[in-house]
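Because the structure is predicted, anything quoted here is derived from the model rather than measured. We count ligands from 1, going down the list as the structure has it; atoms in each ligand are counted the same way.
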Amino acid sequence: MKAQPTASHFIDGTWVEDAAGRAFDVVFPATGEVIARLHEATPAVIDRALAAAERAQRDWARLRPVERGRVLRRAADLIRARNADLSVLEVLDTGKPIQETEVADWPSGADALEYFAGLAPTVTGETVPLGADFAYSIREPLGVCVGIGAWNYPSQIACWKAAPALAMGNAMVFKPSEVTPLGALQLAAILTEAGAPPGLFNVVQGFGGVGAALVSDPRTAKVSLTGSVPTGRKVYAAAAEGIRHVTMELGGKSPLIVFEDADIDSAVGAAMLGNFYSSGQICSNGTRVFVHRAVKARFLEALKVRAEAIRLGDPLDPGTQMGPLVSAAQVAKVRAHVDLALREGARLVTGGAGEGMFVPPTVFAEVTDAMTLSREEVFGPVMAVLDFDDEAEVIARANATEYGLAAGVFTADLARAHRVVAQLQAGTCWINAYNLTPVESSFGGVKASGVGRENGRAAIEHYTQLKSVYVGMGPVDAPY
Ligand code: NAD
């Protein structure tokens, strides 16, 4: 599969180019090689995409849900059949290692298409008995939905938004991150091949301005954004102007709490997965690892040995466990955090600044709640280990953040696990596990980490609206 797509955009069932749009390069982060050159969507391209979506949505919504589901199922099958090629493209776009993209990126996208394909026919309304009269409810699609993606899981994000939106009878215009624009175009082509009508799922490229134009267009009924909190604030505000529905999947600074009775090997493994997978560029990462003082030495010792054994290198090599970060800008941001943590007095256990586009797995210990490393999202392979002594204290400290995306608890005492989870302010929690996000279970944040949910049955509510129908069965009894 060539990295350079046939054209920059995919609209109304076909590839679309408009060279009048600002050109931008797509770079393979591992080598700096320019692998594709695209053009940002012009106002004419944006208009064409929204018009096509509006047209396609009307007929699509009239199909039986089982027919809509069939298209999504076929798309899931095509993705699985082509996973090897698609996963290479994902490596080129993101720099993530092939051993990850082959199992995590497109496969989880295919899962979402398959799951919502099956769920679509199960979505029904209710009948409300009212004596002689009755009412019933219908779950209707919203119309044209706009999806805006982040760069860390570009193809998964596109699928996670497209699958519930289309299954429920909506159409979508999707704008990928300008940093990783390639995967979503493949999804559009695959959906079309699977039988999606022209215009049902459109991809337009560009920077924030293109996203902003989509969000404020009167044809847009809903916006689903995956991105940072500052962007979330802007998009949420712009959507509010038109009273549009929103789903906001934003950032986090999630706590992972390791109690003294935890299986330390599992806790170390989870902390590594929750800080180093995808070079740490995952929104739900457990970047504040609270370790009970009684097991801290054991935890850090095992962690250091295992972190230092991680193989960094060419992400296309199947033996590589960690690739580069996604962009030079992200490398600079992560290195600035490493410098600041050192200056603020955190103890470097392993790792550090790294070289070129690579930052090694990095662990800081003796991190305090006041340090920047405990408060700001780094979005790189930098783990902060904090000490704690008791349960009430660690819960209060875990919650002392504006974020609330995720949280994890490691303990052998299941009563404690449930008691602690009940008090954690986070939309997604794990007990003796971390960062597993199967499509069957809903995912999303509380507080500044977002509103709405992706995945699971909960996603249905965020791509439909309820219509209540009152049925009068007798004469109208008016007092006039
Ligand atoms: P970002 O906020 O910089 O950009 C996200 C998307 O929004 C991009 O496509 C960008 O072009 C677009 N955008 C920017 N300004 C806009 C505007 N004014 N109007 C409309 N669209 C606009 O985020 P990023 O750097 O691409 O991704 C990293 C962030 O995403 C991190 O904060 C991470 O935590 C978060 N994230 C969250 C989840 C989740 O599910 N909660 C998943 C992945 C990433």
Side-chain angles (χ1 to χ4, degrees), residues 22 24 38 40-41 46 93-94 96 104-105 108 112 146-161 173-181 183-184 203-217 220 223-242 244 246-254 274 277-287 325-327 329-334 376-380 401-406 426-428 435 437 439 442-455 459 462:
R22 160 164 63 140
F24 63 100
L38 304 182
E40 185 166 37
I46 294 170
D93 214 6
T94 63
K96 296 198 284 183
D105 291 76
S108 66
V146 163
I148 302 176
W151 46 255
N152 62 335
Y153 274 83
S155 301
Q156 179 194 72
I157 290 170
C159 291
W160 282 17
K161 296 190 189 310
V173 178
F174 187 82
K175 190 203 81 67
S177 164
E178 59 275 20
V179 182
T180 54
V203 174
V204 298
Q205 305 291 353
F207 296 75
V210 172
L214 290 167
V215 172
S216 59
D217 192 280
T220 299
V223 183
S224 177
L225 168 78
T226 298
S228 60
V229 172
T231 303
R233 288 205 170 91
K234 285 189 218 155
V235 172
Y236 204 171
E241 201 57 45
R244 299 192 172 90
V246 295
T247 297
M248 294 280 146
E249 292 287 352
L250 309 177
K253 192 75 209 180
S254 301
Y277 206 70
S278 292
S279 293
Q281 303 165 125
I282 299 182
C283 52
S284 51
N285 272 355
T287 48
L325 300 191
V326 73
S327 65
Q330 195 59 20
V331 170
K333 185 183 154 204
V334 172
E376 291 183 11
E377 188 181 44
V378 177
F379 230 59
T401 164
E402 67 161 332
Y403 296 112
L405 188 54
T428 310
N435 258 1
T437 54
V439 66
S442 64
F443 179 82
V446 300
K447 294 158 76 180
S449 291
V451 292
R453 290 292 175 269
E454 293 193 310
N455 292 344
H462 301 290

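- Although no hydrogens or angles enter the test, the distance criterion places no donor-acceptor pair under 3.5 Å between the side chain of S278 and the main chain of Q281.
- In this view, D105 and K96 satisfy the side-chain hydrogen bond (donor to acceptor under 3.5 Å, both in side chains) rule, not counting sequence neighbours.
- Comment: E241 does not engage R244 in a salt bridge, judged by the lack of any side-chain N to carboxylate O separation of less than 4.0 angstrom.
- Sorted by chain and number, the residues within 4.0 Å of ligand 1 by heavy atom are I148, G149, A150, W151, N152, K175, P176, S177, E178, F207, G208, G211, A212, L225, T226, G227, S228, T231, K234, V235, E249, L250, G251, C283, E377, F379, L405, F443.
- In this view, E377 and F379, Y403 satisfy the side-chain contact (heavy atoms from CB on, under 4.5 Å) rule, not counting sequence neighbours.
- Residues that satisfy the side-chain hydrogen bond (donor to acceptor under 3.5 Å, both in side chains) test with T226, not counting sequence neighbours, are K161.
- More than 12 heavy atoms of other shown residues, nucleotides or ligands fall within 6.0 angstrom of atom CZ in F207.
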